[in-house]
Trainee: 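Before anything else, here's the structure in question.
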Amino acid sequence: MPSADPRGPFTSAELARIRADFPILSRTVRDGQPLVYLDSGATSQKPSSVLQAERDWYERLNAAPHRGAHALSEEGTEAYESARETIASFIGARAHEVVFTKNATEAINLVAYAFSNAVAHGGGAHPEANEGVVDPGTFVLGPGDEVVVTEMEHHANLIPWQELCRRTGATLRWLEVTPEGRLDLSRLDEVVTARTKVLAFAHQSNVLGTVNPVAKLVARAREVGALTVLDACQSVPHLAVDVRELGVDFLAFSGHKMLGPMGIGALWGRAELLDAMPVFLTGGSMIETVTMEGATYAPVPQKFEAGVPNAAQAIGLAAACDYLNGLGMDRVAAHEHALTERLLAGLATRPWVRVVGPTDSTDRGGAVSFVVDGVHAHDVGQVLDAAGVAVRVGHHCAWPLHRKVRAAATTRASFAAYNTPEEVDALLAALDRVPQIFGLEVA
Amino acid sequence: MDLYQQLILDHSKRPVNAGLREPFDAEVHHVNPTCGDEITLRVHVSGEGDERSIEDISYDSMGCSISVASASILAEEVTGRPLDEALNTWAAMRAMLTSKGEDPGDEELIGDGVALSGVAKYPARVKCALLSWMAFTDALQRSGISIPASEEGTR
């Protein structure tokens, strides 16, 4: 048995142990075929430890966190806040800078609404905000101001900004994507200017797999005084992410894409910004004092967590972070990198397949989208599904990007730590049925 | 794979009466937002009252083989037919496609449409097959033809 390279992909023995932790991976689909799950970019599977953590919450701790003073409430609050610490530490953050949301979509909307609420309030922060640290005008947007995104954004990091601009009169601009599937930085200084108030972009594209040059983008945003919002949905699950090293102002991710439960995600933000931001969702437990006329608000992160939270899911997500830490994020990244290279190499030998995104594996993650010219992605996906291979087909919530690359839809394989080289081969073998079924002439 | 019968592949490669033509009474554009399939469809109805018939269906369909084949079958089966027959064909197609595989389809009523019976077993693909037919009934309504509620599809 080959011994494990401490920085390399998982060995087959390690993979067997990892896969045994994921109950769903042993089920069969479509007439008894093994499930080949290559759709972790949409949502990942969950290890038993995550399922057990959620079950534990309901069996031993269930009470409304931050409400009441009985034993369960105290223990539940402790567990919920301890989950926050684990998740914060996973991304190199301090616990009070991590706001639980239901997913990244809600996290990005929270930031977008902070801006339009600042406009509605006529100047930013609520009365308790620590003025003097962050100018309350930071969040005020209006005509003449600009929000910049990229052409490769998931709808979750596009539509909240479109709507923010519509509400405030600000202008939406975007950085384009090159034919190779990289961000076109040649016009960076023309697009990100002194008018830019927000620069929002994906760490890794969910379609192209491209890992964007965060440092360059952050440097330009800082030059012009714009805030940066990083959609890290496709990076936090797949590589070691440290918010301090990235230098962004906000970062959003979803738990369900990183082996955690659905219904939990997080917004990380620099504490002084979160302090100065107007509230988003309002109601119970985000308050400090309330009268019939008005309210003052709790410190962060509570001021952004109205209502009884998804505590079981938060604890499940902490268990997912523990699980990933146990694997080692560097090894997860190395493993997925090896799978990506294997798939790209396999696709390169099939001239009837066109990869949409970088064909080399530099600065590239494990989301590999492709088209078979002459066959619609839905039909490709159906052939793969008939062989038990689960991939995503469609525009992957990135319709403008698909228009740009002139594909109505693509087929996307995406990896997680539990995928094997044999599963890449199973995908390629199933793909080889496509030309025959649809009568393509292939060399 | 039972889904991809030769008839479907033939229709998707050489769709019957494809293209947009004049004259027409209504034009609609429908999309399947989950995958981005699109169809622009025009309908031209001739005659009055009970004598109305589907003079022409012209369309531009961009999508998977199922959605293009279904549009082609629509054009083949419905063009030139009296309105009430066209609506019966739609009802029979819809019944088959939403039957989860129970209804094999009546070839007398839907012709080549029976080749799409396998689609009913794949819930994610039923919308692909329904797209052109939904566009067709929408276009009829926009040309002033009332379609009984029982024969309207779900959107």
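Letters A, B, ... mirror the listed sequences (proteins, then strands); counts begin at 1.
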Trainee: Is there a side-chain contact between A:His376 and B:Ile66 (heavy atoms, below 4.5 Å)?
Mentor: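 A side-chain contact is absent here, since even the closest heavy-atom pair is not under 4.5 Å.
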
Trainee: Quick one: what part of A:Val383 sits under 4.5 Å from any heavy atom of chain B, side chain, backbone, both or neither?
Mentor: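 Both backbone and side chain.
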
Trainee: Keeping A:Asp379 on the side-chain end and B:Cys64 on the backbone end, is there a donor-acceptor pair under 3.5 Å?
Mentor: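 Such a contact is absent between A:Asp379 side chain and B:Cys64 backbone.
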
Trainee: Let's test your reading of the structure: which of B:Ala124, B:Gly63, B:Pro33 forms the most heavy-atom pairs below 4.5 Å with chain A?
Mentor: B:Gly63

Trainee: Working note: B:Cys128 + A:His378, criterion side chain to side chain contact (heavy atoms under 4.5 Å, CB included); need CA distance, chi angles, decisive distance, verdict.
Mentor: CA-CA 9 Å; B:Cys128 308; A:His378 257 188; 3.4 Å; yes

Trainee: Under a 4.5 Å heavy-atom cutoff, which of A:His395, A:His402, A:Arg433 has the most pairs with chain B?
Mentor: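 The candidate making the most pairs under 4.5 Å is A:His395.
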
Trainee: Taking atom CH2 of A:Trp174 as the centre, report whether more than 12 heavy atoms of other residues, nucleotides or ligands fall under 6.0 Å from it.
Mentor: no

Trainee: So what's closer than 4.5 Å to chain B heavy atoms on A:Arg30: side chain, backbone, both or neither?
Mentor: side chain

Trainee: Crowded around B:Lys121 NZ? As in, over 12 foreign heavy atoms under 6.0 Å?
Mentor: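 Atom NZ in B:Lys121 is not crowded, with 12 or fewer foreign heavy atoms closer than 6.0 Å.
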
Trainee: Counting heavy atoms not belonging to A:Asp31, are there more than 12 under 6.0 Å from its CG?
Mentor: no

Trainee: Any Lys/Arg nitrogen of B:Arg125 or A:Asp385 sitting under 4.0 Å from an Asp/Glu carboxylate oxygen of the other?
Mentor: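 So B:Arg125 does not pair with A:Asp385 through a salt bridge.
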
Trainee: State whether the number of non-hydrogen atoms from other residues, nucleotides or ligands found under 6.0 Å of B:Tyr4 atom OH is greater than 12.
Mentor: yes

Trainee: Look at atom NZ of A:Lys102 and say whether more than 12 heavy atoms of other residues, nucleotides or ligands are closer to it than 6.0 Å.
Mentor: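 Atom NZ in A:Lys102 is not packed in, count stays at 12 or less.
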
